[in-house]
Protein chains: 2
Amino acid sequence: MEDFAAVSGISRPTLSKYFNNPDSVRRSTRERIERALSIYDYRPNIYAVNQNRRRTKNIGIVVPNLADPFFSEISRVVELACIAAGYSPLLLSSHGNPAQEGQNLEALRSIKPAGVLLAPFGRLSERAEIERFGRDFPVVLFDANIESACEAFVGTNNAQSIDLMVEYLCRSGEPPCFFEMKSPTNPNANKRRNAYLESMDRHGFPPHIYQAKGDGWDFEVIGSSEGGRLIADGAFKTNTVLCSNDRLAIGMLSAAYKLGRKVGHGADCTLRIAGHDDHPFSRFTCPSLTTIAQDYAAIANLAATTLFKTLETDARPSERVETLFEGTLVMRDSA
Amino acid sequence: MEDFAAVSGISRPTLSKYFNNPDSVRRSTRERIERALSIYDYRPNIYAVNQNRRRTKNIGIVVPNLADPFFSEISRVVELACIAAGYSPLLLSSHGNPAQEGQNLEALRSIKPAGVLLAPFGRLSERAEIERFGRDFPVVLFDANIESACEAFVGTNNAQSIDLMVEYLCRSGEPPCFFEMKSPTNPNANKRRNAYLESMDRHGFPPHIYQAKGDGWDFEVIGSSEGGRLIADGAFKTNTVLCSNDRLAIGMLSAAYKLGRKVGHGADCTLRIAGHDDHPFSRFTCPSLTTIAQDYAAIANLAATTLFKTLETDARPSERVETLFEGTLVMRDSA
DNA sequence: ATAAGATTTTTACACGCGTAAAATATTTTC
DNA sequence: GAAAATATTTTACGCGTGTAAAAATCTTAT
């Protein structure tokens, strides 16, 4: 920078000001700098910069599993929002492994992030660690909520979205059974089950919950094996199944196909299957999957802007804010 | 570090040595340090560290599109390999946008990576930029090759894998037509087309290539709309279609289902569809997709270790090495 | 043209750590 | 137990930038 100052005829402190905020120098100066920049292609050493800055411009993004299209999509939006706001996002996936989540947060500490956008697993075991991390850095949670931790939460209103789906299914045919994993990795699963119970109660139908054994992130495998078994056994009390998420539904649809069961809302169909999340592949299942679309973009952008606001005002907000977006019904062929 | 040196009773230079390589200090000293570390939880400032190190321990990983399960899976393996080798991976997705690839490389420059693992789009337009980047940093390419650039390439042998599939399809039924995008985003697509042509020639069958219009990364959409149109029109000269990749096949399968065409190798089937890549969802299509499995893990690990070797010897290899892994046939129900 | 205000330059120190060289302490070897 | 080999400490400098304070320069309004 010393050298660049020499050849560009600008003093080093002014250059420093320019690189921190191009608008903080006089217009004519900025133009001179940019002219010189186009010739000498100098760029500040980011390590020296971050060493001296009080806060870095880095933002950590941590998601449970990038292999899940839901997270790869939502983190894409988050990432672009960070870049647009002038921050440097650092995307970390926990690869479906809750222990990795802690390691990721630990790794983030060493880059001294300005803030963190975290979609937590939401298990009890990691709660304390996240709370601690949230005290040390500004953190906005998304997708999965941990009531006791961090500045804010942005997600989908599962009560509303499940109720919407139950309502639709009840109006258009038999009331739904509910299919989920026995030990879900995500608090949303519990919210959805409760929402189903409440909604069925409100509609005056008895609930029927079916829980699949198995853990991990191979939801399709579990949906296919366990769901297929339930179908084959004729276990479902009604001809309609609401799956806790699309990936389970995708597995179950493939099992139904293998069993020769015709799924859909047509007259010749004997089974209806619905999901939740509007997974990218739900348009291409056979039949295409009726589901609930979460507003990915809205969730991602609000989470990001909420964090940015915290960073700019530099004051931790006095009270925790939770924002829930509504899901929308996507009527396709499976239910 | 000064303070930590004081309270731990170890000199700062020794601590510095320890943090760069815990084994470079005497055993007893290391234990004293680690005991103190467990009490005071000090950690080196990574920015000060990287400012002074000749080379950082950062490794950039750039993939065209994390939303594509192929890349999310392979980059997961690559990422873990980097961590296991003591490096700090930085995962960047170009979000399906070739221009973003250049921006990602540009962003990587400022973190002065020790090396980069790059799965390029492979378009002509970015060639020069990648070559230039490859001269400034050690880069190992994977998935898509650019003959003229970087240290090494690791990928799948498309000629072998396509031949394997063509061989199987010819043995088990009518010889395949080939379905692909007209203007593919990836050089592998061209390799596969040529492999198909050669293989059909070798088997003594006339080739039939069908190219879908459309660009971008919505392969399923294109496979569904264009592939569906071809099916409806009875355009395919044989009853067997080999798709250039699984995502096209997934789209085409959904179109076939909508058209009421029974796909598979059974007696009652009128159409066979095969893919390439063993996409995570190919097990759950209806019917499940016969395809070629790439050895994700082998490709990812070899790419990573090849880069590490370059970094450790500190010498750019004299000649470029290309390694191709063989694909394996995954026989499922669709063909 | 001139004074007030805004911007830039000069000067200087700080950040936290890598690293080199010489002195000292510790361990190993015979 | 002494000498040799090894490890640690001391001392000092450098990395590339942020930032503060005072001086110098430029811009704007009168």
Side-chain angles (χ1 to χ4, degrees), chain A residues 1-37 40-58 86-88 107-114 136 311 314, chain B residues 1-37 40-58 86-88 107-114 136 311 314:
Chain A
M1 188 154 170
E2 204 87 48
D3 298 346
F4 181 67
V7 296
S8 64
I10 309 270
S11 76
R12 201 182 62 70
T14 303
L15 286 178
S16 178
K17 269 192 78 177
Y18 167 83
F19 284 113
N20 278 302
N21 179 8
D23 292 324
S24 66
V25 302
R26 200 188 297 141
R27 171 109 164 257
S28 61
T29 312
R30 196 178 73 194
E31 282 164 359
R32 276 171 63 205
I33 295 176
E34 280 163 0
R35 213 173 309 130
L37 223 42
Y40 297 102
D41 116 291
Y42 153 85
R43 84 189 64 207
N45 179 314
I46 200 162
Y47 299 110
V49 170
N50 280 332
Q51 180 173 15
N52 294 316
R53 259 210 275 256
R54 302 212 159 73
R55 284 180 306 279
T56 69
K57 297 284 268 181
N58 296 332
Y87 292 96
S88 300
L108 278 180
R109 283 180 186 275
S110 68
I111 70 159
K112 301 185 192 302
D136 297 340
L311 301 184
D314 199 24
Chain B
M1 188 155 170
E2 205 86 49
D3 297 345
F4 181 66
V7 298
S8 63
I10 308 268
S11 75
R12 200 180 63 70
T14 304
L15 286 177
S16 177
K17 269 191 80 180
Y18 167 82
F19 284 113
N20 278 304
N21 179 7
D23 291 325
S24 66
V25 302
R26 201 188 297 143
R27 172 109 162 260
S28 61
T29 311
R30 197 179 72 194
E31 281 164 1
R32 277 171 62 203
I33 295 176
E34 280 164 0
R35 212 173 313 130
L37 223 41
Y40 298 101
D41 118 289
Y42 154 86
R43 83 190 63 206
N45 179 314
I46 200 162
Y47 299 109
V49 170
N50 280 333
Q51 179 174 16
N52 295 315
R53 258 209 275 257
R54 304 212 158 75
R55 286 180 306 280
T56 68
K57 298 283 268 180
N58 295 333
Y87 293 96
S88 301
L108 278 181
R109 282 180 186 274
S110 67
I111 68 156
K112 303 185 190 304
D136 298 340
L311 300 184
D314 199 25

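Throughout, protein chains are lettered first and strands after them, A, B, ... in sequence-line order, and every chain is numbered starting at 1. In this text the structure is predicted, and so the values were computed from the model without any measurement.
- By the salt bridge (Lys or Arg N to Asp or Glu O under 4.0 Å) test, A/Arg35 pairs with no residue at all, sequence neighbours left out.
- Closest of all the heavy-atom pairs between B/Thr56 and B/Lys112 is OG1-O, 2.8 Å.
- Rounded to an integer number of Å, the gap from A/Leu15 CG to C/dT7 C1' is 14 Å.
- Near-neighbour residues of DNA chain C inside residues 16-29 of chain B, defined by a heavy atom below 4.0 Å, number-ordered: B/Ser16, B/Asn20, B/Arg26.
- Of the possible donor and acceptor atoms, one in the side chain of A/Asn52 sits under 3.5 Å from a partner among the backbone N and O of A/Ala48.
- Contacts between residues 44-51 of chain A and DNA chain D, defined by a heavy-atom separation under 4.0 Å, are made by A/Pro44, A/Asn45, A/Ala48, A/Val49, A/Gln51.
- Across all strands shown, B/Tyr42 has heavy atoms under 4.0 Å from sugar-phosphate atoms exclusively, and none from any base.
- Test B/Gln51, B/Lys57, B/Arg55 against B/Arg53 for side chain to side chain contact (heavy atoms under 4.5 Å, CB included) and you get one pass: B/Lys57.
- B/Asn21 places no side-chain N or O within 3.5 Å of a backbone atom of B/Lys17 that could act as its donor or acceptor partner.
- Side-chain to base pairing of B/Arg12 with C/dG16: no donor and acceptor N or O lie closer than 3.5 Å to each other.
- Rounded to the nearest 0.5 Å, atoms CG (A/Asp136) and CG (A/Leu108) are 12.0 Å apart.
- One can place CZ of B/Arg43 at 15 Å from P of C/dG16, the figure rounded to the nearest angstrom.
- Rounding to whole angstrom units, CZ of residue B/Phe4 and C1' of C/dG18 are separated by 17 Å.
- The two atoms that bring A/Ala5 and A/Arg12 nearest to each other are CB-N, 3.9 Å, heavy atoms only.
- Residue contacts for A/Ile10: at a heavy-atom cut-off of 4.0 Å it reaches the sugar-phosphate backbone alone, with no base atom in range.
- Note on B/Thr14: every side-chain N or O is 4.0 Å or more away from OP1 and OP2 of D/dT8.
- The separation between B/Arg55 atom CZ and D/dC15 atom C1' is 16 Å, rounded to whole Å.
- Considering only side-chain atoms of A/Pro13, the nucleotide from D/dT17, D/dA20, C/dC17 that sits closest is D/dA20.
- Ring geometry for A/Phe4 versus A/Tyr40: interplanar angle over 60°, hence perpendicular rather than tilted (30 to 60°).
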